[in-house]
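Position 1 is the first residue of the sequence; numbering continues from there.
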Amino acid sequence: MNSLQIRRTGVAVAAAVLLPFSLAACSDSPAGPTAAAGDPAGGGGSAPAGALPVDQPFGPACAGVPKEGAGSFDGMAKDPVATAASNNPALSTLVAAVKKAGLVDTLNNAKDLTVFAPTNEAFAKIPKADLDKVLADKATLTKILTYHVVGRKLDPKQLENGSFETLQKGTVTTSGSGESYKVDDTAGVVCGNVRTANANVYIIDTVLMPK
């Protein structure tokens with residue numbers, strides 16, 4: 001009888017010792033999945049921010065691009081870069097400059113390009129007398145415009161800390177991350193990763209000048 005009581009007492013003690021651990025394990029298991037779910041959610045929040053620019057256009061000026069037609073993102077993707085730019089009203093000054101320099105066929109017939117495309121507002125920052133002088137000088141105009149073009153397609157990831165030879169044979173530098181990029185530390189990308197049939201276009205808010 002004494003032996004049975006001792007056994008029962010031992011079982012009770014063991015249960016008392018083990019019960020808190022099993023309860024702790026049970027209470028941990030809901031917390032575990034919640035924490036794990038929190039991590040992917042956190043990771044999921046940052047992943048799209050990093051991945052978004054690679055997959056589609058980004059930047060504040062993208063909101064002004066037409067939703068449909070030749071000037072939309074889908075429409076521009078079907079045309080070579082000079083033609084695609086001509087369908088975007090925000091790039092009309094650039095298109096006029098490209099025509100004056102005789103670069104339409106050069107840009108349209110190239111295989112893979114990256115074009116840093118200044119907006120009309122970017123050209124408006126240049127004093128009118130200076131801009132008119134440049135537009136009238138084909139050699140200088142060609143030099144400036146080809147400085148905005150790199151002879152290969154660049155995705156946003158490559159712009160994070162980049163240095164690239166341009167068609168003008170100068171070097172353009174890029175920096176930034178996510179949806180915020182600078183070109184030559186002076187021009188901001190206002191609508192990036194715009195696809196055309198033969199180029200990736202980054203619309204910028206300042207005209208670049210060859211160094």
Any Asn88 side-chain heavy atom under 4.5 Å of Ile203 side chain | yes

How far apart are the closest heavy atoms of Thr206 and Ala122, and which atoms are they?
-> N-CB, 3.5 Å

Which value, rounded to the nearest 0.5 Å, describes the distance between Gln56 atom CD and Phe73 atom CZ?
-> 9.0 Å

Is it true that a side-chain atom of Asn109 and a backbone atom of Pro80 form a donor plus acceptor pair closer than 3.5 Å?
-> no

Linking I/L/V/M/F/W/Y whenever any side-chain heavy atoms sit under 4.5 Å apart, do Val115 and Leu91 land together?
-> yes

Looking at side-chain heavy atoms only, is the closest gap between Leu135 and Phe123 below 4.5 Å?
-> no

Here the gap from Lys111 atom NZ to Lys153 atom NZ, rounded to the nearest 0.5 Å, amounts to 10.0 Å

For Val172 and Asp184, run side-chain contact (heavy atoms from CB on, under 4.5 Å): C-alpha distance rounded to whole Å, both residues' side-chain angles, the deciding distance at 0.1 Å, then the answer.
-> CA-CA 6 Å; Val172 68; Asp184 279 353; 3.6 Å; yes

Flag side-chain contact, heavy atom, 4.5 Å: Val98 against His148 = no

Distance in Å, Thr142 OG1 paired with Gln168 CD, rounded so as to fall on 0.5 Å steps = 10.5 Å

Check: Thr114 side chain, Leu154 main-chain N or O, donor-acceptor pair, under 3.5 Å = yes

Do you know the tightest heavy-atom contact between Val65 and Gly71?
-> CG1-O, 3.4 Å

Using atom types as modelled and distance alone, determine if a side-chain donor or acceptor of Asn198 lies under 3.5 Å from a backbone N or O of Leu113.
-> no

Does a sphere of radius 6.0 Å around NZ in Lys211 hold more than 12 heavy atoms from other residues, nucleotides or ligands, not counting ones at 6.0 Å or beyond?
-> yes

Leu145 vs Leu94 side-chain heavy atoms within contact, under 4.5 Å | yes

Would you name the heavy atoms of Ser72 and Gly69 that are closest together and state the gap between them?
-> OG-O, 2.6 Å

Exercise: identify the closest heavy-atom pair between Ala82 and Leu107 = CB-CB, 4.3 Å

When rounded to the nearest 0.5 Å, the distance separating CD of Glu179 from SG of Cys191 is 10.5 Å

Under 3.5 Å donor-acceptor, Asp155 side chain and Lys157 backbone = yes

If you group Ile, Leu, Val, Met, Phe, Trp and Tyr by side-chain heavy-atom gaps below 4.5 Å, do Leu167 and Val207 land in one group?
-> yes

Below 4.5 Å, heavy atoms only, C-beta onward: do Asp205 and Lys125 meet side chain to side chain?
-> yes

Any side-chain heavy-atom pair of Phe116 and Val150 under 4.5 Å = yes

Would a 4.5 Å heavy-atom cut-off, applied to side chains only, mark Thr166 and Thr146 as touching?
-> no

Does one side chain, of Asn161 or Ser175, offer a donor that lies under 3.5 Å from an acceptor on the other?
-> no

Distance from Leu141 atom CG to Lys133 atom NZ, nearest 0.5 Å?
-> 14.0 Å

Considering all heavy atoms, the nearest Phe58-Cys62 contact = O-SG, 3.2 Å

Would you confirm whether Tyr202, through its side chain, and Val194, through its main-chain N or O, come within 3.5 Å as a donor-acceptor pair?
-> no

Is there a path from Val134 to Ile126 through hydrophobic residues (I, L, V, M, F, W, Y) whose side chains come within less than 4.5 Å of each other?
-> yes

Once you round to the nearest 0.5 Å, how far does CG of Asp132 lie from CG of Asp137?
-> 12.5 Å

Can you hop from Val81 to Val190 via hydrophobic side chains spaced under 4.5 Å?
-> yes

Measure the shortest side-chain to side-chain distance between Asn200 and Arg195 over non-hydrogen atoms and say whether it is less than 4.5 angstrom.
-> yes

Does the pair Met209 and Ile144 meet the rule for a side-chain contact (heavy atoms from CB on, under 4.5 Å), with working shown?
-> CA-CA 6 Å; Met209 292 298 172; Ile144 292 172; 3.9 Å; yes

NZ/NE/NH1/NH2 to OD/OE distance under 4.0 Å, Asp74 and Lys78 = no

According to a 4.5 Å side-chain heavy-atom criterion applied to Ile, Leu, Val, Met, Phe, Trp and Tyr, with indirect links allowed, do Val189 and Tyr147 form part of one hydrophobic cluster?
-> yes

How about Ser92 and Asn120: does a side-chain donor come under 3.5 Å of a side-chain acceptor?
-> yes

Pro156 and Asn193 have their tightest heavy-atom pair at CD-OD1, 3.8 Å

